[in-house]
Amino acid sequence: GNVLNSKSNYYILPAKPASSGGLKAVPTGLQCLHFVVQERSETLLGTPLRFTPLPEHASATEPIRLSSDIWIEFHDLRSFCSDVLDWHLTGQVPESSSGEPKHVAAGSEEGLRSFGVFRVERHGIDLSGYKIVSCVDKGPCRDLGLHVYKDKTWLTVSDKPFLVVFRKRTI
């Protein structure tokens, strides 16, 4: 029920209690590129993230508004490429065959920003959770959901959205 702001770090957790942990970045084996996966244990919060409104939509000091275009970035992730790894969709497929859904990645092989655009939207009849959608190339936004493969739960484009809540990182 609290407003997200662009100056704080957050964990993205499942809206449904006792259904695994938060989202984290895992290396792909390719320089500077990570995939986004869900922690197996509900006691693990994942990797802290920050939400940033696109410059043309709002100032960086304003709260993050529902259904507004944002960048999502892992912060405080120690990588030799960068301290900030931004989310985007990738054609790279982790540990699986071709034909799998598009995966959410963070960072890039070149160490450059990708500027993937996402939105946080309310979801569900009881409005107890949110969903994250990817909005690529001014086309229709697509829900992000979970895809289980080879003992990992990957964040991908999906017809079944992953319902989440946000917990502010306190330190």
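- Among the candidates Y130, W71, W87, the single residue satisfying the ring pair (Phe, Tyr, Trp, His ring centres under 6.0 Å) test with F118 is W87.
- Shown here are the salt bridge (charged side-chain N to carboxylate O under 4.0 Å, His left out) partners of R142, two or more places apart in sequence or in another chain: there are none.
- By the 4.5 Å heavy-atom criterion applied to side chains, S20 and R40 are not counted as neighbours.
- L44 and L23 end up in different hydrophobic clusters when Ile, Leu, Val, Met, Phe, Trp and Tyr side chains are linked at under 4.5 Å.
- V165 and F162 fall into different hydrophobic clusters, where Ile, Leu, Val, Met, Phe, Trp and Tyr side chains are chained together by heavy-atom contacts under 4.5 Å.
- Two rings, from W154 and F35, have their centers less than 6.0 Å apart.
- Of the possible donor and acceptor atoms, one in the side chain of H88 sits under 3.5 Å from a partner among the backbone N and O of G107.
- Checked against S8 for a side chain to side chain contact (heavy atoms under 4.5 Å, CB included), the options R50, R169, K168 give a single hit: K168.
- Put simply, the side chain of T156 does not reach to within 4.5 Å of the side chain of L146, judged on heavy atoms.
- Counting only heavy atoms from C-beta outward, the side chains of V120 and L66 approach each other to under 4.5 Å.
- Taking CD1 from I64 and NZ from K7, the interatomic distance works out to 10.0 Å, rounded to the nearest 0.5 Å.
- Counting only residues at least two apart or in different chains, disulfide bond (SG atoms under 2.5 Å apart) contacts with residues 142-171 are absent.
- Expressed to the nearest 0.5 Å, how far CG of L45 lies from CD1 of I12 amounts to 12.0 Å.
- Taking the side chain as every heavy atom from C-beta outward, Q38 and P14 approach each other to under 4.5 Å.
- Between P48 and Y11, the closest side-chain pair of non-hydrogen atoms falls below 4.5 Å.
- The two residues S134 and L144 come nearest to each other via the heavy atoms CB-CD2, 4.2 Å.
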### Task
Would you please test E73 and L49 for side-chain contact (heavy atoms from CB on, under 4.5 Å) and show each step?
CA-CA 5 Å; E73 306 158 326; L49 293 137; over 6 Å; no
### Task
Given side-chain contact (heavy atoms from CB on, under 4.5 Å), test T52 with I70 step by step and report yes or no.
CA-CA 5 Å; T52 305; I70 58 173; over 6 Å; no
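- When all heavy atoms of S67 and R119 are compared, the closest pair comes out as O-CD, 3.5 Å.
- Under the 4.5 Å side-chain criterion, counting only non-hydrogen atoms from C-beta, P53 is in contact with S6.
- Qualifying ring pair (Phe, Tyr, Trp, His ring centres under 6.0 Å) partners for F51, counting only residues two or more places apart in sequence or in other chains: Y10, F166.
- Residues V157 and L155 share a hydrophobic cluster, clusters being chains of Ile/Leu/Val/Met/Phe/Trp/Tyr side chains in contact below 4.5 Å.
- Here the straight-line distance linking atom SG of C141 with atom CD1 of I132 works out to 12.5 Å at 0.5 Å rounding.
- Contact detail for L13 and G21: the closest heavy-atom pair is CD2-C, 4.5 Å.
- Under the salt bridge (charged side-chain N to carboxylate O under 4.0 Å, His left out) criterion, R65 pairs with E62, not counting sequence neighbours.
- Side-chain contact between D143 and K160 is absent, with no heavy atoms from C-beta onward closer than 4.5 Å.
- By the 4.5 Å heavy-atom criterion applied to side chains, L85 and T47 are not counted as neighbours.
- Shown here are the side chain to side chain donor-acceptor pair (under 3.5 Å) partners of S41, two or more places apart in sequence or in another chain: T43.
- Among pairs with a residue in residues 8-19, none fulfils salt bridge (Lys or Arg N to Asp or Glu O under 4.0 Å), at least two apart in sequence or across chains.
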